[in-house]
Novice: 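Supplied in structure tokens, the structure appears directly below.
The chain is numbered in sequence order, starting from 1.
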Amino acid sequence: MLRNSLSFRPFLRGVGEFGAFCTPVRLFRNSAALKYAAAAAKTTPGKLPPKMAKLRKQFQAQNDLPIFLKGGSMDNILYRLTWVLCFLGLGGDIWLWLGYIIA
């Protein structure tokens, strides 16, 4: 009798189903999805919030800027900082390999 209480039979229930072992996770995801769907249903279809309309107008403007610079001055700073860090990393890499080659 003790052998039946230690069997794996309860865990093997529904093995053929996808995600049978993660039922609580699936239930949590479904409730979160329902919550977001309910929040989305409160907005009228075809109507954008004012903030989204402003961002759409800003990013779709024909001002000959690439999309990664249309966010304003902070995008420009991050773009230039990325280039500087790339060149510093490349210079450090060359410095390291030259040190190994020369030594």
Side-chain angles (χ1 to χ4, degrees):
M1 287 303 194
L2 184 62
R3 186 171 158 199
N4 286 339
S5 64
L6 295 176
S7 75
F8 288 104
R9 191 168 297 196
F11 296 111
L12 296 178
R13 175 191 47 155
V15 168
E17 300 173 16
F18 177 73
F21 292 110
C22 52
T23 302
V25 174
R26 285 190 300 141
L27 290 176
F28 176 73
R29 278 196 332 223
N30 288 341
S31 66
L34 290 174
K35 180 175 66 173
Y36 291 123
K42 291 180 183 176
T43 62
T44 57
K47 191 90 165 144
L48 283 177
K51 185 177 180 181
M52 285 297 291
K54 182 183 146 228
L55 286 174
R56 178 184 278 184
K57 185 177 180 182
Q58 176 184 355
F59 281 95
Q60 289 183 350
Q62 295 294 328
N63 54 5
D64 296 330
L65 283 176
I67 191 70
F68 51 87
L69 292 179
K70 287 191 176 188
S73 62
M74 194 60 182
D75 277 354
N76 200 354
I77 291 170
L78 288 173
Y79 174 72
R80 293 178 191 274
L81 180 67
T82 302
W83 273 107
V84 167
L85 290 175
C86 285
F87 282 122
L88 285 175
L90 186 62
D93 195 30
I94 291 170
W95 181 266
L96 176 75
W97 284 104
L98 284 177
Y100 280 126
I101 292 170
I102 294 172

Novice: Output the distance between atom CD1 (Ile94) and atom CD1 (Ile101), rounded to the nearest 0.5 Å.
Specialist: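 These two atoms lie 10.5 Å from each other.
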Novice: Mind checking the CG-SG spacing from Leu90 to Cys86? Nearest 0.5 Å is all I need.
Specialist: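 Leu90 atom CG to Cys86 atom SG measures 8.5 Å (nearest 0.5 Å).
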Novice: Which residues pass the side chain to side chain donor-acceptor pair (under 3.5 Å) test with Asn76, sequence neighbours left out?
Specialist: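 Counting only residues at least two positions away or on another chain, Asn76 forms a side chain to side chain donor-acceptor pair (under 3.5 Å) with Arg80.
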Novice: Around atom NZ of Lys70, are there more than 12 heavy atoms of other residues, nucleotides or ligands at under 6.0 Å?
Specialist: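 Yes - once you tally the heavy atoms of other residues, nucleotides and ligands closer than 6.0 Å, there are more than 12.
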Novice: Taking a hydrophobic cluster as the set of Ile, Leu, Val, Met, Phe, Trp and Tyr residues connected by side-chain heavy atoms closer than 4.5 Å, whether directly or through intermediates, do Leu69 and Trp83 fall within one such cluster?
Specialist: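 Cluster IDs for Leu69 and Trp83 match.
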Novice: In terms of hydrophobic clustering (I, L, V, M, F, W, Y; side-chain heavy atoms under 4.5 Å; direct or indirect links), are Met74 and Phe59 co-clustered?
Specialist: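 No, separate clusters.
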Novice: State the CG-CD distance between Leu55 and Gln60, to the nearest 0.5 angstrom.
Specialist: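 Reported to 0.5 Å precision, the distance equals 11.0 Å.
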Novice: Please go through Leu96's hydrophobic cluster and name the other residues, only I, L, V, M, F, W, Y counting, with side-chain heavy atoms under 4.5 Å joining them.
Specialist: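 Its cluster mates, by chain and number, are Trp97, Tyr100.
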Novice: Do you know the tightest heavy-atom contact between Phe68 and Asp75?
Specialist: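 For Phe68 versus Asp75, the nearest heavy atoms are O-CB, 3.4 Å.
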